[in-house]
Number of protein chains: 2
Amino acid sequence: MSAGAPYIARRPKRADGARNYDAILAAARKAFESDGAEASLEEIAAQAGVAIGTLYRHFPNRASLVEAATRDGLGDLVELARRLSDAPDPLEALIEWMRHAVRHFSTFRGLVGILAQSMYDEGTPSHEMCNAMHESGAALLRAAQRAGRVRADLTPEEMFDLLTGVAWVRENAPADRDRTDRLLRLILEGLTTRTPHPA
Amino acid sequence: MSAGAPYIARRPKRADGARNYDAILAAARKAFESDGAEASLEEIAAQAGVAIGTLYRHFPNRASLVEAATRDGLGDLVELARRLSDAPDPLEALIEWMRHAVRHFSTFRGLVGILAQSMYDEGTPSHEMCNAMHESGAALLRAAQRAGRVRADLTPEEMFDLLTGVAWVRENAPADRDRTDRLLRLILEGLTTRTPHPA
DNA sequence: ACCTGAACACCGTTCAAGT
DNA sequence: ACCTGAACACCGTTCAAGT
């Protein structure tokens, strides 16, 4: 289905190349934040002070640029899950992670759609990182379920459907993003068990 | 903020105009369904057998075309709410309506984003219809709450946030849309009260 | 290896000319 | 009143020429 391995951008070794690479990434993050994932590539190049061809040399397609711009955030989620894995309260740990996940997924308009696709499509640059993130979240879910704090029949896929849904609402409600917390809480109250009981 | 009243397309009286209007709408619905709300307008015009100028004459902007293509579906939701308003079980009525709402919101990719904006922004062609739809759904929610079947602190806005979130997931999961039903059920179990009690 | 920017392609949008 | 399609603008993408 997908034509070969997806292109993953790599920071060049040569000084001028590395400098441009960084400048493009910084400009891209800014542009994505204000204009969404469909931000003008020409504007990004101009903002970074390079010609459009240089942008394409480092990032041959939009997906590779988005991937590079959000790679660290995804990695942070994996790292956060690792730190939370030995927390005393597995439900609190899961909720804490979910909050961070929703926040990262809605870093800018259009990101959550890209991530949702990446989670299941191998032909996408961020597929590997998404898999790792998915697995790290699933582990926290399983721990909370083992402790009898979350309904046992909730699958990781369903959890991510809920998380991406909330993230999308957040993406599209920049006015008062606080209500997203309330939304997550509403959903969680339905997912958690009333009285703790082992599986 | 918004520049005057938003343009609402109206079906022309003259025979050739009316015929083209209908042809464009039919082509647009098809194109939206397969390519999403960003479908090529030139392709739609070609498919309808008219020149691009004719499309623009009837629908001066994309928003007016989307509005016209989805107007009936929104109206159906209002009508459905009216019919369900005297159902014996107000919770079942609400759930039935929610299912239809999610399905309409995810008629094609990109629609739910447009609707979410229209719900709160007056400068949008479908604002009026969205308001009516919003109010009709809110009435069903209030009835279920009066009967003590839904938690009393859930606002209509929160309900629509949840509905649009689920609709977005459905939009982006064309592979197995059935899981959306499960998603809605998961959320509902959290929103409904365990034992009925009057407000 | 990397950079530049002109050239090409595509598509949205407008408008003068026509019926 | 309505239709046509050429013309313009904008932007994504490629590539030959340069360092």
Side-chain angles (χ1 to χ4, degrees), chain A residues 3-4 6-28 30-32 34-69 108-110 113-114 125, chain B residues 3-4 6-28 30-32 34-69 108-110 113-114 125:
Chain A
Y7 185 88
I8 307 283
R10 290 166 60 46
R11 192 164 183 274
K13 293 263 163 57
R14 230 174 75 171
D16 56 347
R19 205 168 32 222
N20 284 340
Y21 181 93
D22 292 340
I24 292 168
L25 262 190
K30 253 193 190 165
F32 289 154
S34 60
D35 302 342
E38 302 294 308
S40 159
L41 297 181
E42 285 190 334
E43 226 171 85
I44 290 172
Q47 211 63 36
V50 302
I52 184 63
T54 302
L55 186 149
Y56 274 92
R57 158 163 263 268
H58 292 296
F59 309 98
N61 46 58
R62 186 182 291 273
S64 67
L65 183 55
V66 171
E67 190 276 334
F108 50 79
R109 256 174 315 121
I114 293 167
Chain B
Y7 185 88
I8 307 281
R10 290 166 58 49
R11 192 166 183 275
K13 293 264 161 56
R14 228 174 75 172
D16 56 346
R19 205 168 32 223
N20 285 341
Y21 182 94
D22 293 340
I24 292 167
L25 262 189
K30 253 193 191 168
F32 289 155
S34 60
D35 302 343
E38 301 296 307
S40 160
L41 297 181
E42 285 190 334
E43 225 172 85
I44 290 173
Q47 210 64 35
V50 303
I52 183 65
T54 303
L55 185 148
Y56 275 92
R57 160 165 260 271
H58 292 296
F59 309 97
N61 45 57
R62 186 182 291 273
S64 66
L65 182 55
V66 171
E67 190 277 333
F108 51 78
R109 255 173 317 121
I114 293 168

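Here is how names work: the chains are called A, B, and so on, in the same order as the sequence lines, proteins then strands, and each is numbered from 1.
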Does D:dC2 have its OP1 or OP2 closer than 4.0 Å to a side-chain nitrogen or oxygen of B:H58?
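No, because none of the side-chain N or O atoms of B:H58 sits under 4.0 Å from OP1 or OP2 of D:dC2.
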At under 4.0 Å, does any side-chain N or O of A:S40 touch on OP1 or OP2 of D:dG12?
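A:S40 to D:dG12 OP1/OP2: side-chain N or O found under 4.0 Å.
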Under 3.5 Å on both distances, the Watson-Crick or G-U partner of D:dA1
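With both distances under 3.5 Å, D:dA1 matches C:dT19.
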Mind checking whether A:R11 and A:D22 have side chains closer than 4.5 Å, heavy atoms only?
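They are in contact (side-chain heavy atoms under 4.5 Å apart), so the answer is yes.
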Could you tell me the separation between the CG atom of B:L41 and the P atom of D:dA9, rounded to a whole number of Å?
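Atom CG in B:L41 sits about 20 Å away from atom P in D:dA9.
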Quick one: A:Y56 OH to D:dC11 C1', roughly how many Å, whole number?
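It is 8 Å, rounded to the nearest whole Å.
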Using the closest heavy atom to pick a nucleotide of DNA chain D for each, name whichever of B:I52 or B:G17 lands nearer the 5' end.
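Residue closer to the 5' terminus by nearest nucleotide: B:G17.
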What contact category does A:P60 fall into here, base, sugar-phosphate, or nothing, at under 4.0 angstrom with non-hydrogen atoms?
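Nothing: the residue A:P60, judged by heavy atoms under 4.0 Å, touches no strand.
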Output yes when at least one side-chain N/O atom of B:R57 is less than 4.0 Å from OP1 or OP2 of D:dC2, else no.
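B:R57 to D:dC2 OP1/OP2: side-chain N or O found under 4.0 Å.
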Partner of C:dG12 by Watson-Crick or G-U wobble geometry, both contacts under 3.5 Å, or none?
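Its partner is D:dC8.
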Whole angstrom value for the distance that separates P of D:dT13 from CD of A:E38:
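Rounded to the whole Å, the gap is 10 Å.
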For C:dT4, does either OP1 or OP2 sit under 4.0 Å from a side-chain N or O belonging to A:T54?
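For A:T54, the contact criterion (side-chain N or O under 4.0 Å from OP1 or OP2 of C:dT4) is met.
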Could you check how far CD of A:E42 sits from C1' of D:dC10, rounded to whole Å?
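Rounded to the whole Å, the gap is 8 Å.
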Quick check for you: among D:dG12, D:dC3, D:dT4, whose closest atom lies nearest to any side-chain atom of B:D16?
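Output: D:dC3.
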Just how far, in rounded Å, is P of D:dT4 from CG of B:N20?
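Distance, rounded to whole Å: 6 Å.
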Specify the separation, in whole Å, of atom CG of A:L55 and atom P of C:dC2.
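Roughly 15 Å, once rounded to whole Å.
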Report the distance from atom CD1 of B:I44 to atom CD1 of B:I24, rounding to the nearest 0.5 Å.
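The distance works out to 9.5 Å.
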For A:L65 and D:dG12, what is the distance between atoms CG and C1' respectively, to the nearest whole Å?
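My rounded result for the distance is 13 Å.
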Could you tell me if the side chain of A:R57 sits less than 4.5 Å from the side chain of A:N20, heavy atoms only?
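Not touching, per the 4.5 Å side-chain cut-off.
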Stepwise ring-ring contact (aromatic ring centres under 6.0 Å, His included) check, A:Y21 with A:F59
CA-CA 9 Å; A:Y21 181 93; A:F59 309 98; 5.1 Å; yes
Is any side-chain nitrogen or oxygen of B:R62 closer than 4.0 Å to OP1 or OP2 of C:dG12?
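Looking at the OP1 and OP2 atoms of C:dG12, one of them is under 4.0 Å from a side-chain N or O of B:R62.
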In this structure, how many angstroms lie between the C1' atom of C:dT19 and the CZ atom of B:R14, rounded?
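For the pair B:R14 CZ and C:dT19 C1', the rounded distance is 8 Å.
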